[in-house]
Amino acid sequence: MHTLHLYNSFSKKKETFQPIHPPYVNMYVCGPTVYGPAHLGHARSAITFDILFRHLQHSKYQVKYIRNITDVGHLENETEEDKIAQAAKKYSQEPMALAQHFTNSYRKDMQDLNILPPTIEPQASGHITEQIAIVQNIIKKGYGYVKNGSVYFDLQKYHQNFHYGTLSGRILEDLWEATRSLNHQKEKKNAHDFALWKKASEKHIMRWPSPWSEGYPGWHLECTAMSKKYFGSHFDIHGGGMDLLFPHHECEIAQAMCTEQQNPAKYWIHHNMITVKKQKMGKSLQNFITIQDLLQQHTLHPMAIRMFILQAHYRNPLNFSLPALQAAQKAYYKLYNGYQYLQANQVTTPTYNSNSYTQTLKKKIKNIEEKCTYAINDDLNTPKVIACLFDLLKIIHDLQKRMIDWQSLDQDTRICLYNTYTHFFKKILGLYEEEYKEKNTQYMMSILLPCYIEAKKNNNYDLIDHIRKALQKQNIRLKDLKNTVDWHYVMLNDKI
RNA sequence: GGUCACGUGGCCGAGUGGUUAGGCAGUGGUCUGCAAAACCUCUUACAGCGGUUCAAAUCCGCUCGUGACCUCCA
């Protein structure tokens with residue numbers, strides 16, 4: 001697979017990725033509803049599409065990536081109350097202040113996880129006009145009806161002319177049969193009709209004027225409005241969690257089909273859920289763990305979270321446990337130390353040594369590089385990429401131990417090793433620490449290491465132990481090798 | 001109840017007709033002032049029962065088990 005293949009939830013097949021208008025790629029991903037702190041599930045979504053974003057960019061595509069912020073219109077089903085408004089009451093804050101607060105914290109969390117910011121991050125509340133225009137269009141086409149100032153989507157009528165349920169594999173007739181008789185919803189013609197516009201009750205704060213009432217837009221509308229505004233009626237990728245597949249994305253398709261006569265996205269990409277004790281992590285079960293909890297209470301390195309998520313394929317469920325995250329953290333430090341070693345040992349002078357051993361090694365490295373490319377192109381198989389990185393790490397360890405002489409390698413081999421490792425570890429998987437920390441540490445070590453080596457020469461064990469202990473406090477451990485001394489990072493809570 | 005997934009070694013998790021996934025943990029060794037790291041070594045699994053095949057963990061069927069969606073969730 002030298003080109004990207006992605007599993008398309010719409011066709012339920014792995015497909016060759018071909019942009020509509022190469023080299024441009026437009027990708028729209030459903031972002032969070034900002035009424036609480038981001039948890040591990042949000043991290044999975046953001047990381048999954050971050051990998052896709054990075055890989056597309058490195059595949060020479062010009063990518064526009066939109067990830068929206070839902071700050072209005074997402075209703076609690078039972079109470080029919082806006083999620084933001086309800087949370088605002090709980091925290092005694094104004095809804096928009098609350099939305100802003102959690103938008104900020106979401107961005108900070110994503111930054112901690114080294115997730116690239118999307119090209120555009122639009123907010124639903126900033127696109128009310130566009131949403132109203134779409135409702136008008138849907139009514140004009142005959143698929144929306146007004147009832148007491150609210151507007152609903154007429155699914156039955158839609159289903160007669162288009163087919164509803166292709167994405168989710170639902171059969172509308174079955175849905176009707178399965179529908180419960182509870183009906184606090186007396187305005188709808190059919191239980192599965194969904195709201196396009198809701199009239200605000202007297203006490204409802206979040207409200208905008210519209211041709212039908214003072215009110216607020218339905219949840220499914222924002223993505224349709226914002227994707228159309230920035231991408232037009234047909235774009236390359238639409239992503240989100242599997243839990244959004246139905247009804248959210250199904251409804252988006254319905255809205256687009258009846259107004260634009262086409263499926264909005266060419267590729268529908270859905271990632272699976274994080275589970276806790278095999279059950280979905282989510283707000284309703286109250287079994288979620290926030291990103292800040294993991295970083296602060298459990299003193300995890302942010303990259304441990306990234307590693308944990310990337311060690312599983314995005315379309316499979318991933319079970320959360322602290323030991324699993326800690327294992328991922330150890331694995332991350334190992335890979336990071338390999339990266340750090342390559343950074344410190346970049347070769348600037350060309351050498352032309354070439355023997356049969358180097359040739360074999362070069363072949364081996366090239367082979368791993370190909371495997372990495374194949375894996376990432378094969379529907380973003382990040383676990384396999386990580387496995388390959390560990391294969392490269394083995395080679396790096398050999399170099400480090402001078403079992404393979406670094407100088408005996410020709411430049412091409414070294415560059416290949418460096419480039420492959422750096423490309424996948426840092427650029428594609430996005431696993432790395434902040435540059436400034438890296439540089440500071442390297443500077444400090446360049447001063448300290450000679451002192452340490454000198455002390456070793458003189459068998460000055462007191463000084464040796466002193467340096468070791470001092471560095472341990474900075475999470476750095478020294479490695480005495482046969483002919484030299486090296487250093488590496490250790491876990492924050494590791495014992496000496 | 002309907003629709004759809006999935007069941008891999010102590011744990012986490014790839015793979016998918018014949019060839020070592022990988023990580024964590026553990027075993028024994030090499031190295032070492034002591035360590036650590038690294039290296040080598042060992043523990044070699046695919047829910048159960050049938051079937052197809054020269055060959056199945058991988059395809060098909062059944063059984064059991066788990067989960068997701070069907071209502072808000074990334």
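Order of the sequence lines sets the chain letters (A, B, ...), proteins ahead of strands, with each chain counted from 1.
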Using a cut-off of 4.0 Å on non-hydrogen atoms, how would the nucleic acid contact of [X] be classed: base, sugar-phosphate, or nothing?
| X | value |
| --- | --- |
| A:G241 | sugar-phosphate |
| A:M242 | nothing |
| A:L40 | nothing |
| A:L478 | base |

Fill in: Atom of A:D243, atom of A:M273 and distance for their closest heavy-atom approach
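Heavy-atom minimum between the residues: OD1-CE, 3.4 Å.
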Angle class for the [X]/[Y] ring planes (parallel below 30°, perpendicular above 60°, tilted otherwise)?
| X | Y | result |
| --- | --- | --- |
| A:H238 | A:Y28 | tilted |
| A:F425 | A:Y336 | tilted |
| A:Y158 | A:Y164 | perpendicular |

Item to complete: Please check if any side-chain donor atom of A:S11 sits under 3.5 Å from a side-chain acceptor atom of A:E15, or the reverse.
Response: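 The answer is yes; a qualifying pair exists.
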Expressed as a whole number of Å, how far does the [atom1] atom of [N] sit from that of [M]?
| N | M | atom1 | answer |
| --- | --- | --- | --- |
| B:A25 | B:G13 | C1' | 14 Å |
| B:U19 | B:A37 | P | 34 Å |
| B:A47 | B:U32 | P | 47 Å |
| B:C60 | B:U43 | P | 33 Å |
| B:U44 | B:C11 | P | 15 Å |
| B:U8 | B:U58 | C1' | 11 Å |
| B:G15 | B:C59 | C1' | 16 Å |
| B:C31 | B:C40 | P | 16 Å |

Worksheet item: Going from OH on A:Y106 to CD1 on A:I291, what distance comes out if it is rounded to the nearest 0.5 angstrom?
Response: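 Reported value, rounded in 0.5 Å steps: 8.0 Å.
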Practice prompt. Give the dot-bracket string for RNA chain B, reading 5' to 3', where a pair is Watson-Crick or G-U wobble with both distances under 3.5 Å, ( ) marks pairs inside the strand, [ ] marks pairs crossing earlier ones, | marks a partner on another strand, and . marks unpaired.
Written response: (((((((..(((.....[...))).(.(((.......))).)....(((((..]....))))))))))))....
Discussion item. Check whether A:Y216 forms a cation-pi arrangement with A:K198 (NZ or CZ under 6.0 Å from the six-membered ring centre, at most 45° off the ring normal).
Written reply: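 Cation-pi check for A:K198 and A:Y216: fails.
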Item to complete: Kindly indicate whether a cation-pi arrangement holds for A:K188 with A:F194, taking the cut-offs as under 6.0 Å to the six-membered ring centre and within 45° of the axis.
Response: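 Checked: cation-pi criterion not met.
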Rounding to a whole Å, what distance do you find between [X]:[atom1] and [N]:[atom2]?
| X | N | atom1 | atom2 | answer |
| --- | --- | --- | --- | --- |
| A:H249 | B:C72 | NE2 | P | 14 Å |
| A:Q472 | B:A37 | CD | C1' | 12 Å |
| A:L244 | B:U71 | CG | P | 15 Å |
| A:D480 | B:U32 | CG | P | 11 Å |
| A:N272 | B:A5 | CG | C1' | 8 Å |
| A:K457 | B:G33 | NZ | C1' | 17 Å |
| A:D486 | B:C39 | CG | P | 13 Å |
| A:H248 | B:C72 | NE2 | P | 11 Å |

Closest to side chain of [X], choosing from [options]:
| X | options | result |
| --- | --- | --- |
| A:K479 | B:C69, B:A37, B:C39 | B:A37 |
| A:H397 | B:A37, B:A68, B:A38 | B:A38 |
| A:M281 | B:C70, B:A74, B:C39 | B:A74 |
| A:H192 | B:G33, B:U71, B:A74 | B:U71 |

Worksheet item: Is a donor-acceptor contact shorter than 3.5 angstrom present between the side chain of A:R315 and the base of B:C6?
Response: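 When only heavy-atom distances are counted, A:R315 does not reach the base of B:C6 through any donor-acceptor pair under 3.5 Å.
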Determine all donor-acceptor pairs shorter than 3.5 Å in which one atom belongs to a side chain in residues 48-55 of chain A; sequence neighbours excluded.
| from | atom 1 | to | atom 2 | distance (Å) |
| --- | --- | --- | --- | --- |
| A:T48 | OG1 | A:R44 | O | 2.6 |
| A:D50 | OD1 | A:L116 | N | 3.0 |
| A:D50 | OD2 | A:R54 | NE | 2.8 |
| A:D50 | OD2 | A:R306 | NH1 | 3.3 |
| A:D50 | OD2 | A:R306 | NH2 | 2.7 |
| A:R54 | NH1 | A:K427 | O | 3.0 |
| A:R54 | NH2 | A:N114 | O | 2.9 |
| A:H55 | NE2 | A:N377 | OD1 | 2.8 |

Worksheet item: Taking the nucleotide of RNA chain B with the closest heavy atom to each, which residue, A:K280 or A:S168, is nearer the 5' end?
Response: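 Taking each residue's closest nucleotide, the earlier one in sequence belongs to A:S168.
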Item to complete: On RNA chain B, check which nucleotide each of A:S284 and A:Q279 is closest to and give me the residue with the more 5' one.
Response: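 Closest to the 5' end, via its nearest nucleotide, is A:Q279.
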Practice prompt. Indicate for each nucleotide in nucleotides 11-24 of chain B, in 5' to 3' sequence, whether protein heavy atoms under 4.0 Å reach the base (B), only the sugar-phosphate (S), or nothing (-).
Written response: -SSSS-----BSSS
Worksheet item: Under 6.0 Å between ring centres, would you say that holds for A:H101 and A:Y91?
Response: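 No, the ring centres sit 6.0 Å or more apart.
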Item to complete: Give a yes or no on whether the ring-centroid distance for A:H249 and A:H270 is below 6.0 angstrom.
Response: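 Close enough - the centres of the two rings lie under 6.0 Å apart.
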